[in-house]
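One structure is given here, and the rest of the page talks about it.
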2 protein chains.
Amino acid sequence: MTLPQAQLDEVRTRFAEFLKTRGQRQTSERFAILDALYASGEHLDADALFARLKKNGVSVSRATVYNTLDLLIECDLVVKHQFGKTQARYERSFAYWQHDHLLCIDCGEIFEFCDPRIQSIQETVAEIYGFEIAQHALNMYGHCRRENCDNKPQTAEA
Amino acid sequence: MTLPQAQLDEVRTRFAEFLKTRGQRQTSERFAILDALYASGEHLDADALFARLKKNGVSVSRATVYNTLDLLIECDLVVKHQFGKTQARYERSFAYWQHDHLLCIDCGEIFEFCDPRIQSIQETVAEIYGFEIAQHALNMYGHCRRENCDNKPQTAEA
DNA sequence: ATAACTGCAAAACATTTGCATACAG
DNA sequence: CTGTATGCAAATGTTTTGCAGTTAT
């Protein structure tokens with residue numbers, strides 16, 4: 001769940017260089033947001049991330065959270081997901097396997113999976129439609145069989 | 001694009017019976033919304049649907065549009081999609097092949113495709129994770145090669 | 001008749017924007 | 001210093017809700 005320190009450092013370095021290249025500032029808020037998202041390893045929405053930061057004594061505004069998430073997406077350190085709710089969820093993407101998502105309709109739990117056939121499908125579709133495909137999102141929705149799957153959608157953050 | 005009259009009738013009948021079963025009323029607004037969505041065959045968002053109705057001289061409120069869409073989803077006549085934008089899009093689902101979506105990042109055009117391998121993946125995932133999978137959403141995003149793909153996201157409705 | 005539905009406007013959310021202040025380079 | 005970021009609060013866009021009036025059954 002937690003990334004090795006060496007990789008966390010690499011992530012910070014990458015963000016720092018991205019900012020430098022674009023002539024943007026390296027602020028403590030930006031790194032705090034990066035750290036919070038990478039520390040969790042979960043699929044947090046912007047507000048849960050905001051709440052977690054506040055809980056950890058980091059005071060940032062929601063606007064800065066959204067701003068920074070956009071920057072992190074631009075430098076490929078974070079991916080944004082629309083799992084069917086109106087609010088987006090964000091997930092770290094550095095040094096992590098490419099995967100798709102399996103969501104429990106009852107408890108809201110999110111599982112990750114990877115199947116090589118999705119890649120084949122992507123190639124076939126690109127060929128047939130003359131598309132240059134940049135990315136895909138495959139979400140499966142169903143009922144999990146966990147003991148503690150209790151039909152109560154648990155909030156993203158404790 | 002347009003469904004044969006016989007199927008449109010079947011759709012209306014199905015909705016009528018669904019409403020009767022639940023002791024809900026058959027109002028002209030509800031059928032107007034059903035018709036408008038089935039007439040288009042597109043992936044409309046709630047507001048585009050609202051606009052189309054108004055253009056056709058049907059006066060309904062946005063609230064009724066949303067309400068009715070929920071009913072149509074419940075009786076499996078309509079499916080709701082989250083294609084990455086905040087606003088949801090709605091598509092008729094009766095007498096239509098099961099398919100996934102290919103979206104052009106530049107012009108916003110939506111294409112449909114179907115690949116049997118997605119079904120295999122679904123079965124594999126269900127098996128591995130002990131899930132009873134109810135549905136899936138596979139969206140591919142890329143650049144189309146159409147002549148009139150002009151980078152300008154065209155609005156859902158003309 | 002009467003319970004359900006509609007339209008309207010206000011509320012509820014998620015996200016973005018504008019602007020005065022703060023601060024990294 | 002200087003321009004970029006931040007926080008705040010207001011604005012935006014989408015969807016939901018409350019309620020008085022309307023209508024299908």
Side-chain angles (χ1 to χ4, degrees), chain A residues 12 15-34 36 43-54 57-75 78 80-90 153 155-157, chain B residues 12 15-34 36-37 43-54 57-75 78 80-90 108 153 155-157:
Chain A
R12 280 202 205 84
F15 190 35
E17 285 176 0
F18 169 81
L19 291 171
K20 185 182 283 182
T21 307
R22 310 221 314 189
Q24 296 194 263
R25 291 205 209 138
Q26 300 180 37
T27 65
S28 58
E29 289 86 351
R30 287 176 174 169
F31 286 98
I33 291 164
L34 172 64
H43 303 80
L44 300 177
D45 56 71
D47 208 58
L49 184 54
F50 173 77
R52 170 172 294 216
L53 284 157
K54 183 177 261 178
V58 181
S59 168
V60 290
S61 72
R62 248 172 270 262
T64 302
V65 171
Y66 280 106
N67 259 327
T68 304
L69 283 171
D70 285 343
L71 290 173
L72 291 170
I73 290 166
E74 279 189 74
C75 66
V78 167
K80 181 178 182 175
H81 298 288
Q82 288 287 160
F83 286 137
K85 311 288 179 191
T86 64
Q87 73 195 356
R89 282 172 174 256
Y90 302 85
T155 50
E157 190 66 354
Chain B
R12 281 202 204 85
F15 190 34
E17 285 176 0
F18 170 81
L19 291 171
K20 185 182 284 183
T21 306
R22 309 222 313 189
Q24 296 194 265
R25 290 206 213 141
Q26 300 180 39
T27 64
S28 57
E29 289 86 351
R30 286 176 175 170
F31 285 98
I33 291 165
L34 173 63
L37 194 48
H43 302 80
L44 300 178
D45 57 72
D47 209 57
L49 185 55
F50 174 77
R52 169 172 295 216
L53 283 158
K54 183 178 259 177
V58 181
S59 167
V60 290
S61 72
R62 249 174 268 263
T64 302
V65 170
Y66 280 106
N67 260 326
T68 304
L69 284 170
D70 284 343
L71 290 173
L72 291 170
I73 290 166
E74 280 190 73
C75 66
V78 167
K80 181 178 182 176
H81 298 289
Q82 288 288 163
F83 287 136
K85 310 289 176 188
T86 65
Q87 72 195 355
R89 282 171 174 257
Y90 301 85
T155 50
E157 191 65 354

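End-to-end axis angle of the helix from C:dA1-D:dT25 to C:dG25-D:dC1, using five pairs per end and rounding to 10°, comes to 30°.
Shown here are the side chain to side chain donor-acceptor pair (under 3.5 Å) partners of B:Arg25, two or more places apart in sequence or in another chain: there are none. Looking at residues two or more places apart in sequence or on another chain, you find a side chain to side chain contact (heavy atoms under 4.5 Å, CB included) between B:Ala63 and B:Ser61. Partners of A:Phe15 according to the ring pair (Phe, Tyr, Trp, His ring centres under 6.0 Å) rule, which considers only residues two or more places apart in sequence or in another chain, are A:Phe31. Residues satisfying the side chain to side chain contact (heavy atoms under 4.5 Å, CB included) criterion with B:Lys54, sequence neighbours excluded, are B:Phe50. By the side chain to side chain contact (heavy atoms under 4.5 Å, CB included) test, B:Gln24 is found to be paired with B:Leu19, B:Arg22, B:Arg30, B:Leu71, residues two or more places apart in sequence or in another chain being considered. In this view, B:Thr86 satisfies the side chain to side chain contact (heavy atoms under 4.5 Å, CB included) rule with no residue, not counting sequence neighbours.
When the side-chain nitrogen and oxygen atoms of A:Tyr66 are compared with OP1 and OP2 of C:dT15, one or more of them lie within a distance under 4.0 Å. Of the side-chain N and O atoms in A:Arg30, one or more sit less than 4.0 angstrom from OP1 or OP2 of D:dT6. In this structure, B:Gln87 reaches the D:dT14 phosphate: one of its side-chain N or O atoms is under 4.0 Å from OP1 or OP2.
As rounded to whole Å, 18 Å separates atom C1' of D:dA5 from atom NZ of A:Lys20. Remark: C1' of D:dT15 and CG of B:Leu49 are 14 Å apart, rounded to the nearest angstrom. For B:Tyr90 and D:dT14, the OH to C1' distance is 9 Å, given to the nearest whole Å. Rounded to whole angstrom, the span from the NZ atom of A:Lys85 across to the P atom of C:dT15 amounts to 14 Å. Note: CG (A:Asp45) to P (C:dA14) measures 8 Å, nearest angstrom. Atom CG of A:Leu72 is separated from atom P of D:dA5 by 13 Å (rounded to the nearest Å). Protein atom CZ of A:Phe31 is 15 Å distant from nucleotide atom C1' of C:dC23, rounded to whole Å. A straight line from CZ of B:Arg22 to C1' of C:dA4 spans 13 Å, rounded to a whole angstrom.
Out of D:dA5, C:dT15, C:dT6, the shortest distance to the side chain of B:Thr27 is found at C:dT6.
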Next on the checklist: Is there a side chain to side chain contact (heavy atoms under 4.5 Å, CB included) between B:His43 and B:His81? Walk through the geometry before answering.
Outcome noted: CA-CA 8 Å; B:His43 302 80; B:His81 298 289; 4.3 Å; yes
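Along DNA chain D, the nucleotide closest to A:Leu19 and the one closest to B:Asp70 are compared, and the more 5′ of them pairs with A:Leu19.
Remark: side-chain polar atoms of B:Thr64 are not paired, donor with acceptor, to backbone N or O of B:Val60 under 3.5 angstrom. A:Gln82 places a side-chain N or O within 3.5 Å of a backbone atom of A:Lys85 that can act as its donor or acceptor partner.
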Check nucleotides 20-23 of chain D for protein N or O atoms closer than 3.5 Å to its own N or O atoms and list the pairs.
| unit_1 | atom_1 | unit_2 | atom_2 | d |
| --- | --- | --- | --- | --- |
| D:dT23 | O2 | B:Arg25 | NH1 | 2.8 |
| D:dT23 | O2 | B:Arg25 | NH2 | 2.9 |

Name the pairs: protein N/O against N/O of nucleotides 7-10 of chain C, kept only if under 3.5 Å.
| unit_1 | atom_1 | unit_2 | atom_2 | d |
| --- | --- | --- | --- | --- |
| C:dG7 | OP1 | B:Ser59 | O | 2.8 |
| C:dG7 | OP2 | B:Ser61 | N | 2.8 |
| C:dG7 | OP2 | B:Ser61 | OG | 3.1 |
| C:dG7 | OP2 | B:Thr64 | OG1 | 2.5 |

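Within the model, atoms OH of A:Tyr90 and CD1 of A:Ile73 stand 5.5 Å from one another, a figure rounded to the nearest 0.5 Å.
Heavy atoms only, all atoms of each residue included: A:Ala36 and A:Leu53 are closest at CB-CD2, 3.7 Å.
Just one residue in the list B:Leu49, B:Leu44, B:Leu34 forms a side-chain contact (heavy atoms from CB on, under 4.5 Å) with B:Leu69, and that residue is B:Leu49.
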